[in-house]
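Predicted, not measured: the structure shown is a model, and the values here were computed from it. So that the names make sense, note that chain A is the first sequence line, chain B the second, and so on, each numbered from 1.
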Protein chains: 2
Amino acid sequence: MRSALLDAASKLFLKHGFDRVTARQIAVAAGTTPAMIHYYFVNKLGLFRAMLERVIGPVRDMIAGSLQGGAVDPAVLIRMHMQTAAANPWIATLIVNEVLAEKGRFRGTFIREFAGRQAPLVIELLQRARASGNVREDLDVRLAALSLMSLCMFPFLARHVAGPVLGLKLDEDEIERLIAHTARLFAVGTTPPGRATRPEHRA
Amino acid sequence: MRSALLDAASKLFLKHGFDRVTARQIAVAAGTTPAMIHYYFVNKLGLFRAMLERVIGPVRDMIAGSLQGGAVDPAVLIRMHMQTAAANPWIATLIVNEVLAEKGRFRGTFIREFAGRQAPLVIELLQRARASGNVREDLDVRLAALSLMSLCMFPFLARHVAGPVLGLKLDEDEIERLIAHTARLFAVGTTPPGRATRPEHRA
DNA sequence: CTTAAAACTAAACGCGTGTTTAATATTGCG
DNA sequence: CGCAATATTAAACACGCGTTTAGTTTTAAG
């Protein structure tokens, strides 16, 4: 039952965000009652935290792990991100949802712990790349990091937003090409040395 | 009082989205009671519609108007968008908020009327540009339109998201440069085809 | 001044939310 | 089996939401 709740929470929270899903919806989707949320996770927020840890915890650890071992080619990092994001297409939506939700601070420190922790890494990575001469010297690292992260996110936002807004129905093949197209935008640094690290978590 | 409600609704709805603002919050911010919302706008949704028309109605009309007069250089359209978006920095946030809100359909047909109406125009514009040889022939118009719109939006999303997520505090000057940087990404129509999709990556 | 429409206020309504309680069913082990 | 620990259920709680009602003040024309 605990895992059934986590499953339902994953599906609903990731798609619609914390506020737009009720505890009852999750309970019903899991085939039980809201009381079970309190029993296993204290409250709705606890369920959200647990679900978050289960879903994007592995992703965070993988990225952090592969960044720890010295210098990484930005292109490799981007490719890695693209693959994990493609495998978990709703994470970008979740992050945008949650960041836009609260009035300045985060829901606890979730996003700060997850997405926020990776931002300094990206900046540091770009600084290293600049130092090693892989990108031009006059690069504004902060703005470049912003562009980088935004462009890495937008295909996965577009996936769920394009239909409603543009009247476009994107099939999997087009998404694939959109991701490739975006990745090509960032052919920074030297040539990407094949596939260095691969995400092996859930499809 | 009617306009005071519209003012308060603009500030709150644009920043936080429809669901995350209560009728009482708006009423208090306007120095009155929720009953006035019913009096002037029937209900919360009516207030939302009225506020939407007042805020982005002129923008929509201006863009539609300038598109009516024959062929437009994509670069001009982008520059125009950048200017209006810079003048109304919360519109992008609102659109994303509202698109992410409902489960497939929109809140009524607002976004379809506003943002959605412009999407076909962008696609048509790109098709014209391709026909006139301003962009490369093998351009996928749908995907390009997607990239185009996303990239035009992201600086204005980043403005309010960068702080919380990246720990970056962007001042007005940096925003200015970010917008210019993004606009340069899409120097379509005036630059040779091969160069069009390559970022220059400088501040 | 009179008076009726318009503008505004205060209070309550029904409903859905997250949460909690109290009672019951199920499990697992000596 | 006996029985405590665990799991689950159904019902209710207090609260905030959007909305509505009924009554009062203000406005402005005759």
- prompt: DNA chain D: B:Ala23 or A:Arg2, which has the more 5' nearest nucleotide?
  reply: A:Arg2

message: Quick check: closest heavy atoms across A:Leu5 and A:Ala27, and the distance to 0.1 Å?
response: CD2-CA, 4.2 Å

Measure the distance from [atom1] on [X] to [atom2] on [N] and round it to the nearest whole Å.
X	N	atom1	atom2	result
B:Lys44	D:dG16	NZ	P	16 Å
B:Met1	C:dC8	CE	C1'	10 Å
B:His38	C:dA10	NE2	P	18 Å
B:Ile37	C:dA10	CD1	P	15 Å
A:Arg20	C:dT17	CZ	P	15 Å
A:Asn43	D:dA14	CG	P	20 Å
B:Asp19	D:dG16	CG	C1'	15 Å
A:Phe48	C:dT19	CZ	C1'	19 Å

Between [options], which nucleotide gets closest to the side-chain atoms of [X]?
X	options	result
A:Thr32	D:dT6, D:dT9, C:dA7	D:dT9
A:Pro34	C:dA10, C:dT19, D:dT8	C:dT19
B:Thr33	D:dA7, C:dT19, C:dT9	C:dT9
A:Tyr40	C:dG18, D:dA7, C:dA6	D:dA7
B:Tyr39	D:dT19, C:dA7, D:dA12	C:dA7
A:Ala35	C:dT20, C:dT17, C:dA12	C:dT20

- request: Would you check if the side chain of B:Asn43 reaches a backbone N or O of B:Gly46 as a donor-acceptor pair within less than 3.5 Å?
  value: yes

query: DNA chain C: A:Thr22 or A:Met36, which has the more 5' nearest nucleotide?
result: A:Thr22

- prompt: Among all residues two or more places apart in sequence or in another chain, which pass the side-chain hydrogen bond (donor to acceptor under 3.5 Å, both in side chains) test with A:Asp7?
  reply: A:Arg54

- prompt: How many angstroms lie between atom CZ of B:Phe13 and atom CG of B:Leu47, to the nearest 0.5 angstrom?
  reply: 5.0 Å

field: Close side-chain approach of A:Leu94 to A:Leu52, heavy-atom, < 4.5 Å
entry: yes

message: Quiz question: going by heavy-atom distance under 3.5 Å, is there a donor-acceptor pair between the base of C:dG18 and the side chain of A:Arg24?
response: yes

